[in-house]
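One structure is given here, and the rest of the page talks about it.
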There are 2 protein chains.
Amino acid sequence: MGKLERHATISDVAALAGVSVGTASKALNGRGSLREETRVRVREAARQLGFEANAGARSLHSGRTYTVGMITTDTIGRFSIPVLMGAEDALGAGEMSVFLCDGRDDPIREQYYVRTLLSRRVDGMIVTGRRTEARAPISANLPVPVVYAFISSADPQDCSVVPDEAGGARKAVEHLLAVGRTRIAHITGPEHHNSARVRAAAATERLGEDGLSLVAPPLFGGWSEVWGRQAVGILLAGRTEFDAVFCGSDQIARGVCDALRAAGRRVPQDVALIGFDNWDVMTEACQPPLTSIDLDLEGLGRSAAEMLLAAINGSPSPGRHAHPCRLVVRESTTVPLT
Amino acid sequence: MGKLERHATISDVAALAGVSVGTASKALNGRGSLREETRVRVREAARQLGFEANAGARSLHSGRTYTVGMITTDTIGRFSIPVLMGAEDALGAGEMSVFLCDGRDDPIREQYYVRTLLSRRVDGMIVTGRRTEARAPISANLPVPVVYAFISSADPQDCSVVPDEAGGARKAVEHLLAVGRTRIAHITGPEHHNSARVRAAAATERLGEDGLSLVAPPLFGGWSEVWGRQAVGILLAGRTEFDAVFCGSDQIARGVCDALRAAGRRVPQDVALIGFDNWDVMTEACQPPLTSIDLDLEGLGRSAAEMLLAAINGSPSPGRHAHPCRLVVRESTTVPLT
DNA sequence: GGAAACTAGGAAAACGATTGCCGTCACGGT
DNA sequence: ACCGTGACGGCAATCGTTTTCCTAGTTTCC
């Protein structure tokens, strides 16, 4: 298709409208004092030429590019996406565009992107990605604000927005207690993973507040279905009585669910089951559909973006901000009223 | 952290090095004729000030921004991500940065993004997303080249890169034939979905070339596990003999696998099973691990990006380009040699 | 020794848009 | 008739960089 029509410049518009460049600019931006008739004439000329002001030239003047960089540290995955989308959404609403940079867990690549973004004069940066622990700050002394989303910076002065995993775990336990379960087991991911430790500790703590404890020490393993199935085997072999399982991920929960069914235990009648992450693929495929804790990653991304915008406008929010989780109840913890 | 250090400009560098701006520019870009001593002095000054040339100002001159826009039409999902990443990778290698725009399936939003991208003077655009059918061109008469990736444009003159789904389906059937199966059933997604129809037709055709046909008409339903389980029920109730099932998605395949096991049929001994998409979550969780067809979406994204780069450099590749699929063999079709 | 040929680097004009400052015109009041 | 005052728009500087053209020096060669 007519690929070659050059971009119209404001001089083209001015010429067509029969005014000077300055006047054209004023007409289009509602500045200065111009006759209405003139404004209309200029606007019409702009429309006719399909004029779009060159953002680069404009930012040369304003010093702002209305652009931010988003760097994902690990390669983009299931967790980064919603964060990304939430941030993109919030930034788009603020008329900012987003540069996407996939760091691939490679520090060289990452530094390259930081330099590129700086040369593009982004107004700020968001760093996201999944890690087992807090990450080193992306760079010291950057001339623009940085917000870490989902992941957190090792420097406590940096602004990080992270899910309130402890709060989520507490909500899970509270829900199980609310539906009358007291003999709760916990199956979760690898112990070297910060999330697994935090969630397990919070669950234990919450139970303690009611004078209870887990029926067995937390079972640390992997985040997979396979591990969920294995863990059920361990639990059953141990002859521990339990009427609920709180799982560290929905995948684990699904494995647990399958294994329980195979062992003749009904969910939720005999064992109530709750997952973590609220990953639709798992919660829906599970039989019955799985109650879970939603990290609200999209909201987290949005919130991070809003903090970045605030920081760009001169009101930074240093420190670690915990974004609340949400309980999503489905049939794996509640016997349907029939 | 020291947020406030202004960006150094080339005049700062020039002043520090004791030369004029023009000379500084030449020194940094290896242009003009300068004494080596001068170049070194300028480079050193630049390093000292952490100078990064303002890309906006630079492109004002060159007319190129080394930037492309990526618009996802539906909200970003499991399929768009790898495409996105592949493209980002290829473009990054070409020193281009990517603007990410999430169209959310909203034409208004989409047009807004197109305008934004044009005002940012992107050198080109990639449109991606999942649809059941080809989509309308994003805009007529754009001043920059556009490549459609994964999705295809309804205008056959536009450059679209799409997976070779027919080829993939043929590979699936060929693999089943190769492992000695001839009584093949096909369970797939909704008939109104182009992919489902194309894959079913290609499978039928390929069987026909060997004088065979599906043991039953293709079972169209949904893309979910639930449908996979249901479909097995239908198949068994029909008393059709079959020794292999080709599924339209890995989720369906997993549902099929579970249902077959529940019905006492062994995979792969009694029934060989092959999925589509090669989605690790499903192929790995399946018992046994699932053979599948990989769309190579990352490669597709890369390829789309390369075509865009070529188009930007004046060599467009109009038309629809089919990107080959790959067969990934796992244990659901091959009895392990023990 | 003087003209031609280089060399190194400066000055200034782009690129596209914004904006502060001025000039000009028309009108009204005195 | 003269001055003051708005209203309207043009001019030119500015943002940061690249690039073209030019001017001093310095060689080189006859």
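These figures come from a predicted structure and were not determined experimentally.
- Taking atom NE2 of residue A:His7 and atom P of nucleotide C:dC15, one finds them 16 Å apart after rounding to whole Å.
- Remark: A:Arg41 does not engage A:Glu44 in a salt bridge, criterion side-chain N to carboxylate O under 4.0 Å.
- What separates CD of B:Glu36 from C1' of C:dG9 is a distance of 15 Å, to the nearest Å.
- Distances were taken from every side-chain heavy atom of A:Leu60 (C-beta onward) to each of D:dC15, C:dA17, C:dT19; the shortest belongs to D:dC15.
- Closest contact between the side chain of B:Ala53 and the listed nucleotides D:dT17, D:dG10, D:dG9 involves D:dT17.
- For A:Asn29, taking side-chain heavy atoms from C-beta onward, the closest of the listed nucleotides C:dG9, D:dC15, C:dT18 is C:dT18.
- Rounded to an integer number of Å, the gap from B:Asn54 CG to C:dC15 P is 18 Å.
- Candidate nucleotides C:dA17, C:dG9, D:dG10 were compared by shortest atom distance to the side chain of B:Arg35, and C:dG9 ranks first.
- If you find the closest nucleotide of DNA chain C to A:Phe51 and to B:Glu37, the one lying nearer the 5' end belongs to B:Glu37.
- Between A:Asp105 and A:Arg131, at least one side-chain nitrogen of the basic residue sits less than 4.0 Å from a carboxylate oxygen of the acidic one, meeting the salt-bridge criterion.
- Spacing between atom CZ of A:Arg58 and atom P of D:dG16 amounts to 18 Å, rounded to whole angstrom units.
- Residue A:Thr38 is classed as a sugar-phosphate contact, given heavy-atom separations below 4.0 Å to backbone atoms only.
- When each of D:dT17, C:dG9, C:dG20 is scored by its nearest atom to the side-chain atoms of A:Lys26, the top-ranked nucleotide is C:dG20.
- Looking at B:Arg109 and A:Glu88, a side-chain N of the basic residue comes within less than 4.0 Å of a carboxylate O on the acidic one, giving a salt bridge.
- Whole-Å rounding puts the B:Ile10 CD1 to D:dC15 P distance at 15 Å.
- Rounded to an integer number of Å, the gap from B:Leu34 CG to C:dG10 P is 9 Å.
- Closest approach to the B:Ser20 side chain among D:dG10, C:dG10, D:dG9 is made by C:dG10 (side chain taken as heavy atoms from C-beta onward).
- Residue B:Ser25 is classed as a base contact, given a heavy-atom separation below 4.0 Å to a base.
- A salt bridge does not link B:Arg302 with B:Glu306: every distance from a Lys NZ or Arg NE/NH1/NH2 to an Asp or Glu carboxylate oxygen is 4.0 Å or more.
- Nearest to the side chain of A:His61, among C:dG9, C:dC15, C:dT18, sits C:dT18.
- A donor atom on one side chain and an acceptor atom on the other are not found under 3.5 Å apart for A:Ser153 and A:Arg320.
- Taking atom CZ of residue A:Arg120 and atom P of nucleotide D:dT17, one finds them 14 Å apart after rounding to whole Å.
- The distance from atom CG of A:Leu28 to atom P of C:dT18 is 8 Å, rounded to the nearest whole Å.
- Across all strands, A:Thr23 comes closer than 4.0 Å to base atoms (heavy-atom distances).
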